[in-house]
Amino acid sequence: MKGNIVGHSVPKVDAKAKVTGKALYATDLYMEDMLYMQVLRAPYAHAVIRKIDLAQALAVPGIVRIITKEDLPGLKNHGLIFKDQPALVGIGEKVRFTGDTLAIVIGESNIQVRKAIKKIKVEYDKLEVITDPLRAMEEDAVTIHTAGNIVCTHKLDKGDIVRGFMEADLIVYNEFKTQHVEHITLQPDAGLATLEEDDTICIWAATQWLHDTRVDVAQAMGLPVEKIRIIQPAIGGAFGKREDIIAQLHLAIAVREVKRPVKTIYSREESIIATSKRHPMIFRFRTGVKKDGTLTAWEATVIGDTGAYASSGPAVVHKGLYHCTGPYDCPNVRGVAYTVYTNNTYAGAMRGFGATQTAFAYESQMDIIAEKLGINPIELRLKNAYQVGSTTPNGQKLYASVGVKETIIKAVEAFERLGGVIR
Amino acid sequence: MGIIGFTSRRLNEALQYLHQYGDETTIIAGGTDVLVKYHERLDELHRVLNIWQLEELKSIRIINDQIEVGSLVTHTQLEDSTIIQQNAPLLAEAAGSVGSPQIRNRGTIGGNVANASPAGDTLTPLLALDASVKFVSLDRGEKVVSLEEFLVGPGRHIMKKDELITALIFPIPKDNTVGAFVKLGYRKALAISTVNAAIMLGLQGNLIEDCRIALGAVAPTTKRAKLVEELLQGQDVTKSNTFEILGQLEKDIAPISDIRGSQQYRTDIARELVTQGLQKIVNKEVGRSGR
Amino acid sequence: MKKRGVGIASVMFGFGYGEGFPDHSTASIRIKPDGRVEVKTAAADVGQGVLTVVSQIAAEILGVPVESIDLVNGDTAVTRSSGSTSATRQTFFTGNAVMNTAQILRSIIFDLAVKVYGKTYPELYFENSCVVPHGAEEKKISFAELAKIAAERGEKLEAEGSYFPITTPPDPSNGQGERVYVSYTFVTTIAEVEIDLGTGQVEVIRMVAAPDVGQAIHPQNVEGQMEGGSAQGIGMALMEEILFDEYGTLLNPNLSTYLIPTSLDVPRMQTVIVEDEEPLGPFGAKGIGEPAMISTAPAIINAIYNACGVRIKELPATPEKILRELKKLAAGN
Amino acid sequence: MGDNRLMIKVTVNDRLYELQVDPELRLVDLLRDELGLTGTKEGCGKGECGACTIIMNGKTVNSCMVLAFQADGSEILTIEGMGDGEELHPIQEAFIRQGAVQCGYCTPGMVLSAKAILDKNPNPSEEEIRKGISGNLCRCTGYQKIVDAIKDAAEVMGGGGDER
């Protein structure tokens, strides 16, 4: 329902500050007496750390403090769904991907800090590196986390899949794969933290949910929630990446140790190596369809590579499964989704959250079916598209606002208006 | 400690500096290669000689039957230069395909040559134009060496640390010559070439009288395809057997597999790009070189 | 030689966390002493425009221009949780929370105005930051005056509200549930590509997209989401891929080796907004953030097949992959 | 590190600065850390994204690709120098009007590239605009509204504007 203001494109409220360069992003925050922080990342994707030698690094002029896990024995893991991710990996512990952190280095300038990081010497024992989720699922594969490499399994079973395939005139099987995708938020990760007089840690760093970030930082450090305050600066792109704790926890640890404001800015390279990715997924789809194009059965196996840590993975991968038939009504659906650890950079939320990956698979499958049946792909879609009263693979009945057919019709019209010719 | 910077405003001053400190000096002009290479480790540099302000190296001139391009001429200048557009449009096109406007505004032709990237986009047209590099040192004076001899490996050239490139020189192409530049990158801007190719043909009617083909990113240096050049001599550029000769191109190249393409793909693409370049020439989609 | 082809893809997206997770948003609104309206949420505006959207909703309900809205941004010491800017949920969840809160505040303001005028609610309306009695427009009272009256009476013109819909946790044995997601957004994209058969390069030359957003609160923002999402979809379809070697080393951690589309890689596209109102959405609106990118890659992949018969089953469809498949086709494989 | 500092004179947004700079300081750091002009953003440090675009002696450059001491004698325009006090430049107004701003991190560099496009050609074609901003990555907008904003600004500034 349009109103006097709703439904109209008013000037965006944040645009003026951004076009003038006045909007302050975390990178733009400065404080007197501020220190700079960078972290040392893992030298290898899967290894047990034996020794971290800081002597030469500490001798670099301007270095104020280097923090390792040994300084913080009480530090707990963090994570959005499972608490499986360490902010620091200590002696005798495992690094699980090349973005894991071994030391937090704090100094007077970024240049000095970077210099010191290069002078930290690490000794480690290499373990088998698993980069392929299918290898990770094999019995004899080394386990990346003690509970095993399969983080979780989700199931879907609607209607009667056996009957669905019996009713089919054509059964089509295909496997599809998607890749690791990086968000490329235009602002690399950055933040500034201070320690207030009452010991509250204030953190200015972009996040997609500051209250949840606060809780995760607090629980990892064993602090009461109210001792962490998160303030949102301007956000230089997110796309899901800024759901995970990125620099916030390291900053919080650092300010508590040095009791001076601490700032960090990741390099683009570090941001790409150490922060979340879109889950690569494997889809195995077996689809049953009648000659006239009516879908009768859809069987799906989904395998998602969540990398070294679960992050949002358990939710992302099964969202891919739950959306496996797309906007099409299919009475019989069965499927299973596996979320799997590997030693790749951890995968988390990214725009579409599993539904993006699965759409590539089901829309490819629909086109393949259309060709095999000799039906126009648009007709095949219109024939099966949801309408009010349809049920999703989860068995959810759709009551209203099911505009999928209209989107197809309107898109075709617009395309033809522009001079496009379909098929 | 810390690095030492020096800006020189006269060529002689720069040469003196290099004479004294060449071994420990990194030369910086537009900075588009040096600051990438030393990103986050500028402290590892010892001396930096800034030559950006050497105005005397910033012009494009016709001297007798040659074109002399000062080493500090930027890609933008090359792209916009009437002299280059009229006499060597393939070089203007190649310069315009490099990086982005910002990079073209800073990146210089001398820097591109000194960087000696196997994929350097201006290097292939320069090779096809039969260009030479003019460089100079304080005590050994000026040398002029063909670009082909100048480049010896990825990032490597024959110049000593006390020498500085002052110009690129190439003969003004004859009236009957026509050239083309073709590049394949994985996107349309800010893309390093997977393969690039530059072609200069001297045509007598449709017959190839003279031919130079240079390829980038298919060998340790950008290089000429000498075998194919020879086979193409005397062929009719409109005939299909001319294009079949390009099947021999793989003997001229030695590509590697990397993130921008496999050995096989580069081999396929090298042939395809030269084919497309010749087609552009046949279809007269390129401006005629020469006066 | 170049060949063209057209591909279509339609997608659905269940938005909100769904699955029975507690998913809610909280907002508070007050009339400041100067009569301006302060809207407080913790909703993260990542550029998509949620703060503009909530300003519009508050302004609409309270009868003030958008310029009279002052926003207080996320700060855990000042704002309550609005949940995440994710799951395509902010327009729907924080939009609803702000709508609910503005409605409560409207009642509070009317309540005070009733005492001032001795008239009932239906006899009053809002216009341009004033309460106005029907038929006695000259007796209107500005919000600033009303704030003063409220202060004198020890009352506050402020409200806090939230939106907290219930969803169903799916049965773990079969994923079935009555209301797994609050609602669904649908998008159809049609893409036309041109393929260079000699190099395998793909250019997207024409694209249209039709999203069903229930009701566009801010049509330009909807287009902005579609255009930006489609560009990300082009990247995912054709060029973006993080690579690891067998030792888990990430091979392309910079913007010259991990390529995203530039202005020259994205065609001009047309967005046709479909509005099939969602009864539970604020003013009928549904979210669009994520579905904006979902249908692009499959439309392009289907267009590639349509153009040259190459069916890409592993993303991205790089020129090298396409050329390899073209050669196989040519060899009669 | 102070020993090796170099004296430079540089004009930024019409104001002349005489400064001592470390030779390893990049122009982007000088602008942001020393002059407090944080409107110039850094996105990659390698000239690959264009977020740090400024106009130097009339041409757009990535300020991460220039050493501060190389800027000696130059005239620089940053986003803070666009517009006139509180008055926005027509390009900035067009960016707001057309919805060309999302996360905003590319915006300052984009606005300066837009200015360079219009300085060179007051009536640019869509192709020229797209080429002119091809060194400025944007991850949010898909570029279309940015292109529209530059066309819009061209019209407002009297260039006439290209037909859509």
Side-chain angles (χ1 to χ4, degrees), chain A residues 1 3 5-6 9-10 12-13 45 129 131 155-157 176-182 184 208-211 214 229-232 235 238 243 268-269 272-273 277 326-327 343-344 349 351-352 355-356 359-360 363-364 367 381 394-396 400-401 403-404 406-408 410-411 414-415 420 422, chain C residues 6 9-13 44 46 51-52 55-56 59-60 66 73-77 81 84-86 170 174-177 180 186 188 190 206 208 210 212 214 217-220 236 240-242 244 247-248 250 253-254 260 270 272 274 276 278-279 283-284 290 293-294 297-298 302 313-315:
Chain A
M1 190 185 27
I5 298 169
V6 162
S9 302
V10 303
K12 291 178 82 168
V13 296
V129 172
T131 59
K155 289 179 184 158
L156 198 58
D157 198 351
F176 302 94
K177 285 185 185 174
T178 66
Q179 75 276 44
H180 276 101
V181 175
E182 157 63 42
I184 309 290
Q208 289 171 239
W209 44 1
L210 53 172
H211 292 78
R214 173 177 66 165
R229 179 178 177 188
I230 312 276
I231 304 163
Q232 188 79 272
I235 302 167
E243 284 186 37
R268 175 62 61 186
E269 183 171 339
I272 292 179
I273 290 171
K277 299 284 161 289
N343 295 116
N344 297 324
R351 203 174 198 175
T356 306
F360 156 65
E363 280 301 81
S364 297
D367 254 29
R381 286 174 171 84
N394 295 108
Q396 177 174 355
S401 193
V404 55
E406 202 185 339
T407 68
I408 295 171
K410 287 278 164 61
F415 187 74
I422 296 171
Chain C
V6 177
S10 298
V11 301
M12 80 150 182
F13 186 81
V46 297
L51 293 180
T52 304
S55 300
Q56 285 177 275
E60 181 78 43
V66 173
N73 286 355
D75 174 346
T76 55
S81 176
S84 65
T85 291
S86 70
N174 59 18
Q176 300 301 290
V180 176
F186 303 92
T188 295
I190 300 177
R206 203 195 316 254
V208 301
D212 167 20
I217 305 281
H218 191 290
Q220 192 184 57
M236 182 173 173
E240 296 186 31
E241 183 172 27
I242 289 284
F244 295 91
Y247 307 109
L250 199 153
N254 50 62
I260 66 168
Q270 192 182 354
V272 186
V274 172
D276 187 339
E278 166 56 60
F283 296 87
E290 292 171 276
M293 86 162 286
I294 297 178
N302 287 339
K313 293 183 182 175
E314 287 186 31
L315 291 180

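Residue numbers begin at 1 in each chain, while the letters A, B, ... track the order of the sequences.
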- Item | Residue part contacting chain A, namely of C:A297, when any heavy atom lies under 4.5 Å | neither
- Who pairs with A:K155 by side-chain hydrogen bond (donor to acceptor under 3.5 Å, both in side chains), at least two apart in sequence or on another chain? none
- Query: Would you call A:F176 and C:L315 a side-chain contact if the rule is heavy atoms closer than 4.5 Å?
  - Reply: no
- Determine the minimum heavy-atom distance between C:E60 and A:V6, stating which atoms define it. OE1-N, 2.8 Å
- Among C:A59, C:P170, C:A210, the residue with the most heavy-atom pairs under 4.5 Å to chain A is C:A210
- Heavy-atom distances under 4.5 Å only: say whether C:Y247 touches chain A with side chain, backbone, both or neither. both
- Message: At a heavy-atom distance under 4.5 Å, which candidate from A:K177, A:K410, A:E243, A:E269 has the highest pair count against chain C?
- Response: A:K177
- Message: As an exercise, state the distance from OG of C:S84 to NE2 of A:H211, rounded to the nearest 0.5 Å.
- Response: 12.5 Å
- Note on the structure: Between the CD atom in C:E290 and the CZ atom in A:R351, the distance rounded to the nearest 0.5 Å is 8.0 Å
- Ignoring hydrogens and geometry, is there a side-chain-to-backbone donor-acceptor pair from C:N302 to A:D367 under 3.5 Å? no
- So what's closer than 4.5 Å to chain A heavy atoms on C:I260: side chain, backbone, both or neither? side chain
- Heavy-atom check, side chain of A:F415 versus side chain of C:Q270, under 4.5 Å: no
- Message: Between A:I408, A:N394, A:V129, A:D157, who has the most heavy-atom pairs with chain C when the cutoff is under 4.5 Å?
- Response: A:N394
- Taking all non-hydrogen atoms of both residues into account, name the closest pair between A:P327 and C:F186 and its distance. CB-CD2, 4.0 Å
- Roughly how far, to the nearest 0.5 Å, is the CD atom of A:Q232 from the OG1 atom of C:T76? 10.5 Å
- Message: Heavy-atom pairs under 4.5 Å with chain A - which of C:G284, C:A77, C:P279 has more of them than the others?
- Response: C:A77
- Item | Closest contact, heavy atoms only, C:S10 versus A:V404 | CB-CG2, 4.5 Å
- What is the distance from atom OG of C:S55 to atom CD1 of A:I5, rounded to the nearest 0.5 Å? 10.0 Å
- What pair of heavy atoms forms the shortest contact from C:I294 to A:A355, and how long is it? CG2-O, 3.6 Å
- Of the backbone (N, CA, C, O) and the side chain (C-beta and beyond), which part of A:R214 lies under 4.5 Å from a heavy atom of chain C, both, or neither? side chain
- The interface call for A:A349 against chain C, heavy-atom contacts under 4.5 Å, is neither
- Note on the structure: So, the part of A:R268 with a heavy atom under 4.5 Å from chain C: the answer is both
- Note on the structure: On a heavy-atom basis, the closest approach of A:L210 and C:G74 is CD1-C, 3.3 Å
- Taking the side chain as C-beta and beyond, is there a heavy-atom pair between C:I242 and A:V181 under 4.5 Å? no
- Query: What is the distance from atom CG of C:D212 to atom OG1 of A:T407, rounded to the nearest 0.5 Å?
  - Reply: 7.0 Å
- Taking atom CG of C:D276 and atom CD of A:E406, what is their separation to the nearest 0.5 Å? 6.5 Å
- Task: Could you check which of A:A45, A:G395, A:S9 has the highest count of heavy-atom pairs closer than 4.5 Å to chain C?
- Result: A:S9
- Query: With a 4.5 angstrom heavy-atom cut-off, which part of A:K12 approaches chain C: side chain, backbone, both or neither?
  - Reply: both
- Task: Side chain from CB out, backbone as N, CA, C, O: work out which of these in A:T131 comes under 4.5 Å of a heavy atom of chain C, or both, or neither.
- Result: side chain
- Honestly, the part of C:V272 sitting under 4.5 Å from a heavy atom of chain A is side chain
- Item | side chain to side chain contact (heavy atoms under 4.5 Å, CB included) against C:Q176, all qualifying residues, sequence neighbours excluded | A:L156, A:K158, C:N174
- Item | Max heavy-atom pair count under 4.5 Å with chain C, selected residue of A:I230, A:I273, A:N343 | A:I230
- A:E363 and C:P298: which non-hydrogen atoms are nearest, and at how many Å? CB-CB, 3.5 Å
- Message: With chain A as the partner, which of C:Q220, C:E241, C:E240, C:M236 has the greatest number of non-hydrogen pairs under 4.5 Å?
- Response: C:M236
- Query: Is the backbone of C:V180 close enough, under 3.5 Å, to the side chain of A:Q396 for a donor and an acceptor to pair up by distance?
  - Reply: yes
- Query: So A:V10 and C:T52, side-chain contact (heavy atoms from CB on, under 4.5 Å) or not? Walk me through it.
  - Reply: CA-CA 8 Å; A:V10 303; C:T52 304; 3.7 Å; yes
- Task: Against chain A, label C:P219 side chain, backbone, both or neither, depending on which of its atoms sit under 4.5 Å from a heavy atom there.
- Result: both
- Side chains of A:V13 and C:V66: closer than 4.5 Å at any heavy-atom pair? yes
